[in-house]
Amino acid sequence: MKTYATSKDINSHIGTLRNEGKTIGFVPTMGALHKGHLSLVELCKKDCDITVVSIFVNPTQFNDKGDLQRYPHMPETDSKLLEEAGCGILFLPGEQEIYPKPDTRVFDFGQLDKVMEGVHRPGHFNGVAQVVSRLFNIITPDKAFFGLKDFQQLAIIREMVKQLQFRVEIIAVPIVRDTDGLALSSRNMLLNEAQRKMAPLIAKTLFEAQKKAAKLSVSVVKQWVIDTVNRSSELSVEYFDIVDSLSLQPVQSWDDAGQIFGCIAVRVGNIRLIDNVRLS
Ligand code: PAF
């Protein structure tokens, strides 16, 4: 695996590979890698000749500075994991490399960021769009791989790709879960023992909700999920929305959209976990 720290060097190496006719696959990450990230790498390797992974903890997408400070940094362990996973190229830039000057672009995502994470993390998706567009310009991938756990992020990135006319195919990769159902997340390692024990209730409740969706109304299922998760002393639901998978707008009935997802954010102490399931 080759590791690059500068845009100029990685861009020039990728240019050479492209001239040789190689297809470039890209997995952007913020590090603290887990099996969810490795599933993106695995799929990227199957689909593309060259797999590029970036690790950059992007400050512009953190609306909560405490969250940024707590975010785990472990570049050496990550690098080893990627090497073992057969990643071809690692991009490990510093902040100056990504933002030589402050990125003042303001994106307009219409209604897509007026719900869920967009409401609870103001500015978050603008920061995600800033960094991902910057990385796409440097890496120039043919395909880029994103986890479905960040359901709203995927919709935002697809919209950004459309607006900025990137020629990249966005591939959505299913959520990877721990044996007890908890969706894998870099933030899971910040949970204490009691919190980690209770956290699987989130996924368990979402899977129960899938069954209930066949029999009960949208509003009843929504309230049931919120009440069930909130019953745990360690968990507090920030939102649970039942939404059209494309517009991300809340639905009133199961007939309101082709695919309907339930998306949840839960506070566990000062850690925030998100998850989602298809409900209809
Ligand atoms: O999903 C993430 O880890 C981040 O939001 C991303 C896409 C790497 C941008 O910083």
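Side-chain atoms are counted along with the backbone in the values below, which use heavy atoms only and exclude waters and symmetry mates. Whatever order the structure lists ligands and atoms in, that order sets their numbers, starting from 1.
Of the candidates H37, M30, Q61, Q61 brings a heavy atom nearest to atom 9 (C) of ligand 1.
Classification of the H37-H34 ring pair by plane angle, with boundaries at 30° and 60°, yields tilted.
In this structure E83 satisfies the salt bridge (charged side-chain N to carboxylate O under 4.0 Å, His left out) test with no other residue, sequence neighbours excluded. Residues satisfying the salt bridge (charged side-chain N to carboxylate O under 4.0 Å, His left out) criterion with D244, sequence neighbours excluded, are absent altogether.
Looking at E97 and T6, their side chains never bring a donor and an acceptor atom within 3.5 Å of each other.
Residue V131 approaches ligand 1 through these ligand atoms, each under 4.0 Å from one of its heavy atoms: 9 (C), 10 (O). Close contacts between ligand 1 and Q153 involve ligand atoms 1 (O), 2 (C), 4 (C), 5 (O), 7 (C) [criterion: under 4.0 Å to a heavy atom].
When heavy-atom distances to ligand 1 are checked against a 4.0 Å cut-off, T29 comes that close only through its backbone atoms N, CA, C and O.
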